[in-house]
Amino acid sequence: MANFALAVHGGAGTIRKTETTLDQEEEYRRSILAALETGRKILAGGGTALDAVEACVVVLEDDPLFNAGRGSVFTHEGKIEMDAAIMDGKRLKAGAIAAVRNVKNPIRLARKVMEESPHIFLLGDGADRFAEEVGVDLCDSTYFFTERRWNELENAIAAGKVKLDHSPLDPRVGSKPLGTVGAVALDSSGCLAAATSTGGMTNKKFGRVGDTPIIGAGTYADDLSAVSCTGHGEFFILGVAAYDVSAQMRYKNETLAAATAKTIGRIGHIGGEGGLIAVDSKGNIAMPFNSEGMYRGYVTSAEAPVALIYC
Ligand code: ASP
């Protein structure tokens with residue numbers, strides 16, 4: 001049994017292997033390994049799963065390669081609207097925010113909601129006001145502007161599509177595959193935690209919010225498992241995906257591997273594309289997906305870090 005275990009993801013989707021160069025793959029692997037190393041240090045030093053997942057997600061939010069924080073995709077109106085959630089499986093406490101516009105690290109704000117408010121889920125202007133009150137770092141819109149994201153929006157509008165981050169609308173655009181980020185961890189005192197952060201889907205309209213900040217859909221942790229999802233959020237909401245893993249383990253005594261495989265199977269069955277990362281109270285890790293790839297990696301007290309993209 002591992003004394004600690006940690007997994008991170010950088011999004012799932014139709015990442016076509018044929019459209020990715022070895023250099024690009026290497027860039028993603030390096031970013032995933034950097035996030036893992038940040039979390040590993042915390043866990044190896046006796047830190048909490050909660051601190052580890054928050055720190056891993058901050059690293060990935062600051063990395064423009066991923067669709068979260070700095071690299072977030074644009075809404076139809078050309079704005080940034082970010083969603084995030086964090087959950088402490090030991091205390092069964094959670095914090096979530098949606099549609100925030102100028103918070104540098106949305107996962108830090110979600111943690112503040114959990115620790116410093118009587119609520120679980122804050123939205124839009126209210127969440128932005130809370131961010132000012134609790135003093136998290138704020139940025140103006142230029143921090144979040146990347147030309148690649150802007151081009152993706154223009155292409156999505158021209159195609160009339162709301163685009164999951166990785167799905168290429170037009171291979172000629174040559175945009176790199178990027179994604180939502182998440183982390184799950186078990187710490188040396190047996191506590192589990194999960195965190196997920198996203199810019200959502202390119203060209204989303206009308207204040208659309210996906211699964212990421214919805215506790216039980218995109219993010220969940222309790223005493224049995226911690227889960228962070230990525231993919232077409234509407235289907236992960238319909239499948240109550242993250243909680244579905246825990247429910248199978250609690251009520252059917254399923255293993256983590258069996259429960260997560262069934263959850264992703266069901267998401268596929270109802271039409272959803274994506275994947276999840278999960279860890280259980282024994283340090284087992286599962287990372288199933290039904291897309292062509294999912295940026296992901298793991299490290300445990302017994303194993304060196306591994307970063308993976310395709311099967
Ligand atoms: N699940 C996210 C959403 O639907 C997107 C993603 O994982 O790439 O907002």
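Atoms within a ligand are numbered from 1 in the order they appear, just like the ligands themselves. For the single chain, residues carry numbers from 1 onward in sequence order.
Judged by the shortest distance from any of its heavy atoms, Gly179 lies outside the 4.0 Å radius around the atoms of ligand 1. The shell of residues lying under 4.0 angstrom from ligand 1, judged by heavy atoms, excludes Gly11.
Checking Thr219 against Thr196 by side-chain atom types alone, a donor-acceptor pair falls below 3.5 Å.
Salt bridge Lys204/Glu77: absent, no basic N to carboxylate O contact under 4.0 Å. Taking the charged nitrogens against the carboxylate oxygens, Arg129 and Glu132 have no contact shorter than 4.0 Å, which rules out a salt bridge.
Residue Thr230 has at least one nitrogen or oxygen atom sitting less than 3.5 Å from a nitrogen or oxygen atom of ligand 1, judged on distance alone. Where the criterion is an N or O separation shorter than 3.5 Å, residue side chain and backbone included, Asp211 meets it with respect to ligand 1. By the 3.5 Å distance cut-off applied to N or O atoms, Met201 is not counted among the residues near ligand 1. Between Ala12 and ligand 1, a contact under 3.5 Å exists for no N or O pair. For ligand 1, the polar-atom distance check against His232 finds no nitrogen or oxygen pair separated by under 3.5 Å.
Here the side chain of Asp187 pairs a donor or acceptor atom with the backbone of Ala49 at under 3.5 angstrom.
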Does Phe144 form a ring pair (Phe, Tyr, Trp, His ring centres under 6.0 Å) with Phe74? I'd like the steps, not just the answer.
CA-CA 9 Å; Phe144 300 102; Phe74 286 104; 9.3 Å; no
Could you walk me through whether Glu254 and Lys262 pass the salt bridge (Lys or Arg N to Asp or Glu O under 4.0 Å) test, one step at a time?
CA-CA 10 Å; Glu254 293 283 15; Lys262 283 185 187 162; 2.5 Å; yes
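At a 4.0 Å heavy-atom cut-off, ligand 1 touches Arg208 through the side chain alone.
The closest heavy-atom contact to atom 5 (C) of ligand 1, among the options Gly210, Gly231, Gly233, Gly272, comes from Gly231.
Under a cut-off of 6.0 angstrom, the local environment of NZ in Lys90 is sparse, with at most 12 non-hydrogen atoms contributed by other residues, nucleotides or ligands.
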